[in-house]
Number of protein chains: 2
Amino acid sequence: MLQAPLILQEHSRCADCPIRHRAVCAYCEPAELVKLDAIKSYKTYKAGETIAWAGEPMDVIGSVVSGVATLSRTLADGRRQMVGLLLPSDFIGRPCRPAVAFDVVAASDVTICRFNAPEFEKLVRATPALERRLLDMTLDELDAARDWMLLLGRKTAREKIASLMAILARRDANLTQQTVADGILFSLPLTREAMADYLGLTIETVSRQISALKKAGIIILEDSRHVRVPDFVALLDEAGDDSDGGMVS
Amino acid sequence: MLQAPLILQEHSRCADCPIRHRAVCAYCEPAELVKLDAIKSYKTYKAGETIAWAGEPMDVIGSVVSGVATLSRTLADGRRQMVGLLLPSDFIGRPCRPAVAFDVVAASDVTICRFNAPEFEKLVRATPALERRLLDMTLDELDAARDWMLLLGRKTAREKIASLMAILARRDANLTQQTVADGILFSLPLTREAMADYLGLTIETVSRQISALKKAGIIILEDSRHVRVPDFVALLDEAGDDSDGGMVS
DNA sequence: CCGAAACTTTGATCTCGATCAAGGCGCAAC
DNA sequence: GTTGCGCCTTGATCGAGATCAAAGTTTCGG
């Protein structure tokens, strides 16, 4: 079970960097916040731009401030699988590892709050609370990855689409603190191709299954990138989990 | 890249517990070994026995000494996906988490070296080196899980089987320190059903693809549970990775 | 406004792996 | 021995999703 995302009010100085809250600040002392402040900078990437290639030296450590980034790997013949979706407040980078393990690509325009890598690692080493927090986050990501393995290995195309919608709806609702009135409204921050790469499908199948869910009344397409879910429980039912619809780290 | 498993010679007192080496001892002081010694016990499970159910309170923390255990999740209608394979020297359990996240099942008779959970966690909290080691291990598992996502989402049945064979061959070779003479010989510690659950296939497809690889000369079946690989590179080629064939944590 | 490019949808057909079905093998109990 | 039970293999058929193909929609620069 994901702990509820921590919203910004706790430390006023975090207002400009949502990330530090969820990813780093949760268990750390105000003193560490100041130290993190000193080594951070912002960078914006255009949609489609590659932020880091697998195998490169690790210099991307930070978090997503806005937009969507993806982690993926591509086989020699071009088949691609996305292995992680990085939404605002998600942490990027593997602390204390020399190289990037998967390609990091901007799915939309993305702004990232970056920490100077060597200094960040030095700070981590010196701060047990930070290290503990990183372990905690990594365990969350591991659980999410394993939930996704169940989806990739055993769910039908329709269940895959419903699961993805449920995750995005939940994330969006958390971010906007929106209550469920005439249904949840959220945006699809991914192209059909990106969804296909995430779900282990083709774009045609993604499109067809979205149409099918629309026809069944489970979702309503405001336009091709905005979805309304009148009955979230019905959506979860389509997703096939008995549990809570899966989580992104 | 997996670091070479640490073999036993480093501390003589570890001789009876291979686990502590790979999972815990690598970075810790001899003093911590003594403390771990004090809270460990062994337990053996029969093949097929469930070691822990998802959702149960976490009291299984330790490592596999011999045999094979699996992590899996099952959908309401019975579809099952294995999300982790726990071979000798692999760590079991999520430090400092209240509940088990996936079913832990013995695939063969399994002996586990268990640590008293509360005391283990206390020791972790008090020992930054241990905590760092756990973070490191968790990152390895995360990478392995994501590699597996690529397999589940995008590889063909034949590539899946070849990938699994490559992983098992590598693990076995590492354990036995065996050199490649007339090929690598290793045992399949899994039933066809377990392989199917791991690869997102059915048992019939697993059986057929193993037969196909046999017919193609990529593998030689000594019997249904023992495989010889005359040319490991040819096997990797069938597995479809450009990289190193994938790793189990 | 037009035109081009990127993205999306829909249709027709094909194929890989699932499903259904039968039989073989190894082993333990009787 | 025979019976029964797990486990594995092989064959025949089916179907979900891939592939091939075409057309509709949105966006953006001119």
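Just so you know, these numbers come straight off a predicted model, no measurement behind them.
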CD of B:Glu159 versus P of C:dC16: gap in Å, rounded?
-> 12 Å

d(CD1, B:Ile210; C1', D:dC7) in whole Å | 12 Å

Base-contact (B) and sugar-phosphate-only (S) positions in nucleotides 11-30 of chain D, heavy-atom cut-off under 4.0 Å, - elsewhere = BB----SSBB----------

Check the pair A:Val64 / A:Val110 against side chain to side chain contact (heavy atoms under 4.5 Å, CB included), numbers first and verdict last.
-> CA-CA 7 Å; A:Val64 178; A:Val110 174; 4.3 Å; yes

Please give, in whole Å, the distance from D:dG6 P to B:Ile203 CD1?
-> 13 Å

Describe the nucleic acid contact of B:Arg225 in one word from base, sugar-phosphate, nothing, applying a heavy-atom distance below 4.0 Å.
-> sugar-phosphate

For A:Asp223 and A:Arg225, what are the C-alpha separation, side-chain angles and deciding distance, and is it a salt bridge (charged side-chain N to carboxylate O under 4.0 Å, His left out)?
-> CA-CA 5 Å; A:Asp223 61 59; A:Arg225 292 295 194 92; over 6 Å; no

Here the distance between atom P of C:dG17 and atom CG of B:Leu152, to the nearest Å, is 13 Å

May I ask you to verify if any side-chain N or O of B:Ser207 is less than 4.0 angstrom from the OP1 or OP2 atom of D:dT10?
-> no

Atom CG of B:Leu221 and atom P of D:dC7: how far apart are they, to the nearest Å?
-> 18 Å

Using whole Å, report how far CG of A:Leu213 lies from C1' of C:dT9.
-> 15 Å

Protein-nucleotide distance (A:Ile161, atom CD1; C:dT8, atom C1'), rounded to Å | 13 Å

A:Arg80 bridged to A:Asp103 by N-O distance under 4.0 Å | no

Check: A:Gln81 side chain, A:Ser72 main-chain N or O, donor-acceptor pair, under 3.5 Å = no

Euclidean distance, atom CD of residue B:Glu193 to atom C1' of D:dT9 [Å, nearest integer] = 15 Å

A:Thr74 backbone acceptor or donor facing B:Arg154 side chain under 3.5 Å = no

Going by heavy atoms in the side chains, are A:Phe232 and A:Ile184 under 4.5 Å from each other?
-> yes

